[in-house]
Chemist: 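Below are the structure tokens for one structure; questions will follow.
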Amino acid sequence: MRVHTGEGTGAAVEAEIVALATSGATTLVGLMATDAWTHARSRFAALLGRGRTDRDALVGDLDEARAELVRAREAGDDAAAGEAAAEWRGRLRRVLRDDPAAVAELLEILAEFSPQTAEPVRAEVHNSISGTVGTAVMGRDLSNVTIGAPASRPPRGR
């Protein structure tokens, strides 16, 4: 993700900050229900608490948000995650706007907690066809395939 920290038009910079804050908030809320929460909480608290003296209160806010999210999910409230993400997106956006160095820190956090990309899976498929067979097709990601002669169409305009 490319994020400017002061270059370009105000609208473009703001759009990039909003996109990064949205990604950060979505990641934060997603991590609230995982085993990585304790570590994620400390990383996000450090980011969100830049220049603040009340980091303990911020950690409390994060823990309360997590508790609310867990309760909401247990009650079947699927909208709770979106609401939590919206709240944290606003907070992240303010931090990113006020402190351009926070952009790099959030990008590091996102990289740290992003799912690791595995090596591509190589699969081999072997098919044997015996007997009388018309047409056999084996493939992956096929589109616009015509097998055999195309069906005749009546002439246009008649």
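These figures come from a predicted structure and were not determined experimentally.
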Chemist: To the nearest 0.5 Å, what is the distance between CG (Leu110) and OG1 (Thr26)?
Modeler: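 It comes to 9.5 Å.
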Chemist: Given side-chain contact (heavy atoms from CB on, under 4.5 Å), test Leu106 with Leu96 step by step and report yes or no.
Modeler: CA-CA 9 Å; Leu106 180 53; Leu96 297 173; 3.9 Å; yes
Chemist: So which heavy atom on Ala21 is nearest to which on Arg93, and how close?
Modeler: CB-N, 3.7 Å
Chemist: Measuring from atom CE of Met32 to atom OG1 of Thr27, what distance do you get when rounded to the nearest 0.5 angstrom?
Modeler: 11.5 Å
Chemist: Mind checking salt bridge (charged side-chain N to carboxylate O under 4.0 Å, His left out) for Arg41 and listing every partner two or more places apart, or none if nothing turns up?
Modeler: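 Listed in chain order: Asp63.
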Chemist: Any side-chain heavy-atom pair from Glu16 and Leu20 closer than 4.5 angstrom?
Modeler: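 No, side chains not in contact.
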Chemist: Between OG of Ser42 and CG of Leu47, what distance do you get to the nearest 0.5 Å?
Modeler: 11.5 Å
Chemist: Give every donor-acceptor pair under 3.5 Å between a side-chain atom in residues 77-90 and any protein atom, sequence neighbours left out.
Modeler:
unit_1: Asp77; atom_1: OD1; unit_2: Ala79; atom_2: N; d: 3.1
unit_1: Asp77; atom_1: OD1; unit_2: Ala80; atom_2: N; d: 3.4

Chemist: State, to 0.1 Å, how close Leu92 and Ala25 come at their nearest heavy-atom pair, and which atoms those are.
Modeler: CD1-N, 3.4 Å
Chemist: Can you list the residues that meet the side chain to side chain donor-acceptor pair (under 3.5 Å) rule with Arg43, with sequence neighbours excluded?
Modeler: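 Only Glu112 meet the side chain to side chain donor-acceptor pair (under 3.5 Å) criterion with Arg43.
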Chemist: Phe113 vs Thr34, test: side-chain contact (heavy atoms from CB on, under 4.5 Å). Steps then yes/no.
Modeler: CA-CA 11 Å; Phe113 290 103; Thr34 69; over 6 Å; no
Chemist: Taking only residues two or more places apart in sequence, or in another chain, which ones meet Arg50 in a side chain to side chain donor-acceptor pair (under 3.5 Å)?
Modeler: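 Applying side chain to side chain donor-acceptor pair (under 3.5 Å) to Arg50 gives Asp99, Glu105.
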Chemist: Group every Ile, Leu, Val, Met, Phe, Trp and Tyr by side-chain heavy-atom contacts under 4.5 Å, then state whether Val59 and Leu28 land in the same group.
Modeler: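 Different clusters: Val59 never reaches Leu28 through Ile, Leu, Val, Met, Phe, Trp or Tyr contacts under 4.5 Å.
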Chemist: Output all residues satisfying side chain to side chain donor-acceptor pair (under 3.5 Å) with Arg94, sequence neighbours left out; order by chain, then residue number.
Modeler: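 If we apply the side chain to side chain donor-acceptor pair (under 3.5 Å) test to Arg94, skipping adjacent residues, there are no hits.
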Chemist: Quick one: do Val18 and Phe44 end up in the same hydrophobic cluster if we chain Ile, Leu, Val, Met, Phe, Trp and Tyr together by side-chain heavy atoms under 4.5 Å apart?
Modeler: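 As far as the 4.5 Å side-chain criterion goes, Phe44 and Val18 are not connected within one cluster.
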Chemist: Once side chain to side chain donor-acceptor pair (under 3.5 Å) is applied, do any residues pair with Glu64, and if so which ones, sequence neighbours excluded?
Modeler: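 Side chain to side chain donor-acceptor pair (under 3.5 Å) check on Glu64 returns Arg71.
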Chemist: How about Asp35: does its CG atom have over 12 heavy atoms from other parts shown lying under 6.0 Å from it?
Modeler: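 At most 12 heavy atoms, drawn from other residues, nucleotides or ligands, come within 6.0 Å of this atom.
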Chemist: Quick one: pull up CG in Leu107 and OG in Ser23 and give me the separation to the nearest 0.5 Å.
Modeler: 8.5 Å
Chemist: Are Arg91 and Asp61 packed together at the side-chain level, in the sense that at least one heavy-atom pair is separated by less than 4.5 angstrom?
Modeler: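 A side-chain contact exists here, since the closest heavy-atom pair is under 4.5 Å.
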